[in-house]
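Remarks on the structure that follows.
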Number of protein chains: 2
Amino acid sequence: MLKLSKSVEYAIFAIKYLNYNTEDRLVSTKEISESMKIPYDLLAKIMQRLVKNDIVSSIQGTKGGYYLTKPPGQINLTQIISAVDSEIRLTDCLFDNATEEDCSRIGACSLRSPLNNLQNKIIKLFNSTTLEEII
Amino acid sequence: MLKLSKSVEYAIFAIKYLNYNTEDRLVSTKEISESMKIPYDLLAKIMQRLVKNDIVSSIQGTKGGYYLTKPPGQINLTQIISAVDSEIRLTDCLFDNATEEDCSRIGACSLRSPLNNLQNKIIKLFNSTTLEEII
DNA sequence: TTATATCGGACAAATTTAGTCGTATATAAT
DNA sequence: ATTATATACGACTAAATTTGTCCGATATAA
Ligand code: SF4
Ligand code: SF4
């Protein structure tokens, strides 16, 4: 269906919230969850993935929370999708070292190369779409 | 996951096959199915949708089958996705006359407009990607 | 009349996404 | 030390979507 996942939308909302609230304090998942009306447990996992991908940073413990690792202008859509969902793959074969396990047609498929070009264009578009424009 | 559906891939394979085999004869679903190794019943439905969207034309009955309505250069990815899957919608709200039924945030969502711009760019990219390049 | 084809919708299986739950760990405050 | 509040992590369930199947109807050439 070629849709952004809810998780990606939630991640964008969270980053937006952090961007407006990270002056000298940390923001908790609970605060974002309540303020943006995002299911707490789901958002918690999303935040962890954003941390793992160095988009936000975290401090554990009481009074802990999150803050943006870098300004929104340095965060792009590809990074968020990769962090929160998975790598962008327009088809089952469009990544390095794909084998017949991934798609049995892979050896003789005439679509693979042109679709790879298309995927590169999409990734390029998403690379150039920063959170600054979306927020 | 931002992926092309199998149905879209199958549709492209079918169009490719038609393009190479529609000199003075009709091609049946069975022939495409066997030649391209696509599940017959699924392909049959895909062909019907392509007909409905005027991408291919059909003749019923014995010796019936399909042929391309227009040359591959005049068929683009947006048309195929719309025909075979559904309209491209990057989020639940990104179409004309979306209401709160579609997304409760719709009234006050700051993401909607920028994501709409992004969707337009994707559609533009897909519009400019003709089957001639993919085939 | 028969064989072969498209047409159309209902159905089922498989996969993916969305959301939930339980537990462990970290840390500030009491 | 204990408590309260926070992140971290993984397993699990539920919902939605995609993929594939089945059945009956209609069309038409032989
Ligand atoms: S090899 Fe061809 S059929 Fe298989 S996933 Fe890639 S593009 Fe699709
Ligand atoms: S209104 Fe906002 S939250 Fe709702 S679907 Fe559109 S972009 Fe997403």
Side-chain angles (χ1 to χ4, degrees), chain A residues 1-11 13-14 18 25-34 36-67 69 81 83-92 102-103, chain B residues 1-11 13-14 18 25-34 36-53 55-67 69 81 83-92 102-104:
Chain A
M1 215 209 246
L2 220 56
K3 219 173 93 175
L4 294 182
S5 68
K6 277 293 169 195
S7 290
V8 167
E9 277 196 63
Y10 294 158
F13 278 125
L18 287 182
R25 75 181 183 100
L26 297 172
V27 178
S28 71
T29 300
K30 192 171 175 238
E31 180 180 343
I32 303 173
S33 156
E34 285 169 358
M36 298 272 119
K37 277 158 192 158
I38 299 170
Y40 175 84
D41 291 299
L42 182 51
L43 180 61
K45 277 204 320 193
I46 292 168
M47 295 312 293
Q48 286 162 30
R49 296 204 192 159
L50 292 176
V51 170
K52 268 197 179 168
N53 287 271
D54 204 34
I55 293 165
V56 311
S57 301
S58 67
I59 304 288
Q60 289 194 19
T62 305
K63 296 273 175 191
Y66 299 95
Y67 60 94
T69 304
I81 293 171
V84 155
D85 289 349
S86 57
E87 244 185 287
I88 293 171
R89 286 183 193 174
L90 222 49
T91 71
D92 293 336
D102 301 298
C103 178
Chain B
M1 216 208 248
L2 219 56
K3 218 173 93 175
L4 294 183
S5 68
K6 277 293 168 194
S7 291
V8 166
E9 277 197 63
Y10 294 157
F13 277 125
L18 287 182
R25 76 181 182 100
L26 297 172
V27 178
S28 70
T29 301
K30 191 171 173 236
E31 180 181 343
I32 304 174
S33 157
E34 285 170 356
M36 298 272 115
K37 277 158 192 159
I38 299 169
Y40 176 84
D41 291 299
L42 182 51
L43 180 60
K45 279 206 318 196
I46 292 169
M47 296 312 292
Q48 286 163 29
R49 294 200 193 159
L50 292 176
V51 170
K52 267 197 179 167
N53 287 270
I55 293 165
V56 311
S57 302
S58 68
I59 304 287
Q60 289 195 20
T62 306
K63 295 277 176 187
Y66 300 94
Y67 59 95
T69 304
I81 293 171
V84 155
D85 290 349
S86 57
E87 244 185 285
I88 294 170
R89 286 182 193 175
L90 221 48
T91 71
D92 293 336
D102 301 298
C103 178
S104 57

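Within every chain, numbering begins at 1; the chains are lettered A, B, ... in the order of the sequence lines, protein sequences first and strands thereafter.
Protein atom CD1 of A:Ile46 is 10 Å distant from nucleotide atom C1' of C:dG19, rounded to whole Å. One can place NZ of B:Lys45 at 11 Å from C1' of C:dA12, the figure rounded to the nearest angstrom. Distance NZ (B:Lys30) to C1' (C:dA5): 11 Å, rounded to an integer number of Å. In this structure, CZ of B:Phe13 is placed 16 Å from C1' of D:dT19, rounded to the nearest angstrom. When the C1' atom of C:dG9 is taken as reference, atom CG of B:Leu42 falls 15 Å away, rounded to whole Å.
Within the 4.5 Å cutoff, side-chain heavy atoms of B:Tyr67 are placed close to those of B:Ile59. Within the 4.5 Å cutoff, the side chain of A:Leu4 has heavy atoms near those of the A:Ile81 side chain. Between B:Gln48 and B:Thr29, the closest side-chain pair of non-hydrogen atoms is not below 4.5 Å.
Looking at which nucleotide of DNA chain C each of A:Lys3 and A:Gln60 is closest to, the 5′-most match is held by A:Lys3.
Among the nucleotides D:dA8, C:dT20, D:dT19, the one closest to any side-chain atom of A:Val51 is D:dA8. For B:Pro39, taking side-chain heavy atoms from C-beta onward, the closest of the listed nucleotides C:dG19, D:dT21, D:dC9 is D:dT21. For A:Ser28, taking side-chain heavy atoms from C-beta onward, the closest of the listed nucleotides D:dA6, D:dG20, D:dT21 is D:dA6. The side chain of B:Ser5 lies closest to D:dT19, out of D:dC9, D:dT19, D:dA29.
Nucleic acid contact for B:Tyr66: sugar-phosphate only, since backbone atoms but no base atoms lie under 4.0 Å from a heavy atom of the residue. Backbone-only engagement by A:Ile59 is indicated by non-hydrogen atom pairs under 4.0 Å involving sugar-phosphate atoms exclusively.
Summarising the geometry of A:Val84 relative to A:Arg49, their closest heavy-atom pair is O-NH1, 2.5 Å, with the distance given to 0.1 Å.
At C:dA29, none of the side-chain N or O atoms of A:Thr62 fall inside 4.0 Å of OP1 or OP2 (strictly under the cut-off). Close to D:dT18, at under 4.0 Å from its OP1 or OP2, lies no side-chain N or O of B:Ser7. OP1 or OP2 of D:dG20 has at least one side-chain nitrogen or oxygen of B:Tyr10 nearer than 4.0 Å. At C:dT6, one or more side-chain N or O atoms of B:Thr29 fall inside 4.0 Å of OP1 or OP2 (strictly under the cut-off).
Side-chain atoms of A:Ser58 never come within 3.5 Å of backbone atoms of A:Gly65 as a donor-acceptor pair (strictly under, hydrogens ignored).
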